[in-house]
Amino acid sequence: MADGGQDLRAWDRAQLLALFDPATGALDRRVLSDEALYQLELERIFARGWNFMCHDSQIPEPGDYFISYIGEDQVIVVRDEEGGVNVLLNTCRHRGNALCRAEQGRAKSFVCSYHGWNYALDGRLIGVPGLKTFYHNDIDRSRLGLARARAENYLGFWFATLATDAPALRDYLGDVGRTGLGMICANGEVEVVDGVQKNVISCNWKIAVDNLFDWYHVPYSHASANTAGFLDIAAIQHPQSQMVMLGEYGHAIGGPGIPRERQDQIDAMSDEERAAASRAAPPNSPRIRPRAARDLMGPVGVRSEGHPNIFPNLWITLGGLQMCLRLPRGPSKTELWWFTFVPKGAPPALRRAMIAQANHVFGPAGILEQDDGENWSQSTRSARGFSSRGLGQYIGMGLGHDQAVAGEDGEHYIESAVGEHGQRWLYRAWTEWMAARDWTELKANHTPPPTGPV
Ligand code: FES
Ligand SMILES: [Fe+2]
């Protein structure tokens with residue numbers, strides 16, 4: 001029996017598109033529990049999309065590697081002798097053993113622990129024990145190198161895809177994805193803190209993703225954080241506080257936005273004045289970004305104080321202090337990987353303070369994620385029940401009440417009260433990715449970011 005207790009039947013295009021209705025906000029709960037849909041996600045979403053691997057600072061020298069995933073395919077992200085970065089499937093071409101067991105490190109080559117085949121940092125098969133004796137020199141090593149993914153980086157963030165026909169990373173990210181990564185670098189160059197925090201939650205990966213657009217749950221789910229003085233809910237959730245940016249292929253940013261009038265005042269300030277105003281602000285207030293941030297985030301993006309998600313599963317937390325991968329581990333299980341970024345060469349006291357802040361907000365010890373994880377698990381569990389999965393979910397908040405407008409650089413955004421525009425955009429994109437057989441179909445049939453009533 002499949003994880004979700006349902007048949008492993010094939011889904012056709014019309015059925016896939018019907019799983020979410022953007023006109024009503026009705027979501028079929030099988031999206032969160034069906035094993036056949038999950039297998040199709042691995043193929044049509046994870047293998048096809050650009051997946052975040054790691055940051056340049058994690059693999060600075062030749063031989064440095066970091067183990068990551070494209071869906072459930074484990075990969076070695078490794079810098080070679082020439083300084084290039086290779087993303088290699090971590091599976092030996094002999095009998096499939098994993099080549100690299102450590103989560104990160106430095107290697108001269110990768111030797112399989114089963115029979116000793118040896119692979120260079122670029123994946124070439126360079127050593128086969130018994131080449132003459134047992135194989136009689138009758139083996140074509142050039143055809144048995146490690147399988148490779150395409151790898152590209154933007155601002156030092158490495159991504160990989162298994163789709164040869166995927167657009168270039170920069171085009172895939174579009175303005176919203178680039179704004180998201182720009183948010184991390186808005187205050188200058190960054191590096192990853194050693195030690196990616198990893199934990200598993202019994203939830204479907206999309207529940208964890210859609211929650212980052214959800215600012216409706218904050219006062220209720222996180223009431224204790226408000227009571228403890230950790231959050232000022234009144235300040236972040238007043239009416240018309242929200243700015244949602246919608247990007248191509250399902251990327252989106254949701255959460256508080258800086259009103260245009262306030263941004264006009266900020267634009268008139270020097271970097272010194274911005275730094276002084278940030279120091280004078282109450283604790284936990286978002287830092288005012290320097291002038292250079294506008295180049296990285298665009299004129300609309302720079303007003304965002306929300307959460308970007310780079311489709312499918314890369315969340316950048318507000319302020320760009322952390323990012324979190326929601327890695328699928330079956331329809332009902334998600335592995336969360338937390339990366340913390342600090343300014344390159346930050347003084348020890350600042351570095352410590354930023355790490356403490358990161359540890360206390362999100363991640364396995366974070367005060368917020370402890371609340372969230374419980375809700376995600378229960379929403380996922382109920383999607384497996386025979387009767388409850390037939391009920392659907394209602395994602396209709398704000399539907400038909402707001403306007404999407406185009407910014408001066410072509411960004412598409414909605415300024416409104418708290419709503420569910422980001423969640424609808426995610427599930428709409430998900431159905432379109434799932435229904436398309438290849439990138440040609442996806443490019444032709446995906447919904448472009450809208451202008452007008454939403
Ligand atoms: S499985 Fe790797 S050498 Fe045999
Ligand atoms: Fe939350």
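For this chain, numbers begin at 1 and follow the sequence in order. Ligands are counted one by one from 1 in listed order, and the atoms in each one are counted from 1 as well.
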message: Under a 4.0 angstrom heavy-atom cut-off, which atoms of ligand 1 come close to Gly116?
response: 3 (S)

query: Of the backbone and side-chain N, O or S atoms of His94, does one lie nearer to atom 2 (Fe) of ligand 1 than 2.8 Å?
result: no

- prompt: Are any N, O or S atoms from His115 nearer to atom 2 (Fe) of ligand 1 than 2.8 Å?
  reply: no

task: Please find the N/O/S atom of His222 nearest to the Fe ion (ligand 2) and write down its name.
output: NE2

- prompt: When the ring centroid of Trp430 is compared with that of Phe20, is the distance short of 6.0 Å?
  reply: no

query: Within a strict 4.5 Å, meaning less than it, do heavy atoms of the His307 and Ile316 side chains meet?
result: no

message: Would you say the rings of Tyr114 and His94 are close, in the sense that their centroids are separated by under 6.0 Å?
response: no

field: Numbering as shown, the atoms of ligand 1 that approach Cys112 to under 4.0 Å (heavy-atom distance)
entry: 1 (S), 2 (Fe), 3 (S)

- prompt: At what distance is the nearest protein heavy atom to atom 1 (S) of ligand 1, and which residue and atom is it?
  reply: Arg95 N, 3.3 Å

message: Looking at Arg106 and Asp64, is there a salt bridge between them, counting it only when a charged N and a carboxylate O are closer than 4.0 Å?
response: yes

message: So, of the N/O/S atoms that His217 has, which is the nearest one to the Fe ion (ligand 2)?
response: NE2

- prompt: Is Lys206 paired with Glu41 through a side-chain N to carboxylate O contact shorter than 4.0 Å?
  reply: yes

message: Measuring centre to centre across the rings, with the benzene-like ring taken for any Trp, is Phe52 within less than 6.0 Å of Phe159?
response: yes

- request: With heavy atoms of Trp117 as the reference, note each atom of ligand 1 found under 4.0 Å away.
  value: 3 (S)

query: For the rings on Phe46 and Trp205, is their centre-to-centre separation under 6.0 Å?
result: yes

query: Do you see an N/O/S atom of Asp372, backbone or side chain, under 2.8 Å from the Fe ion (ligand 2)?
result: yes

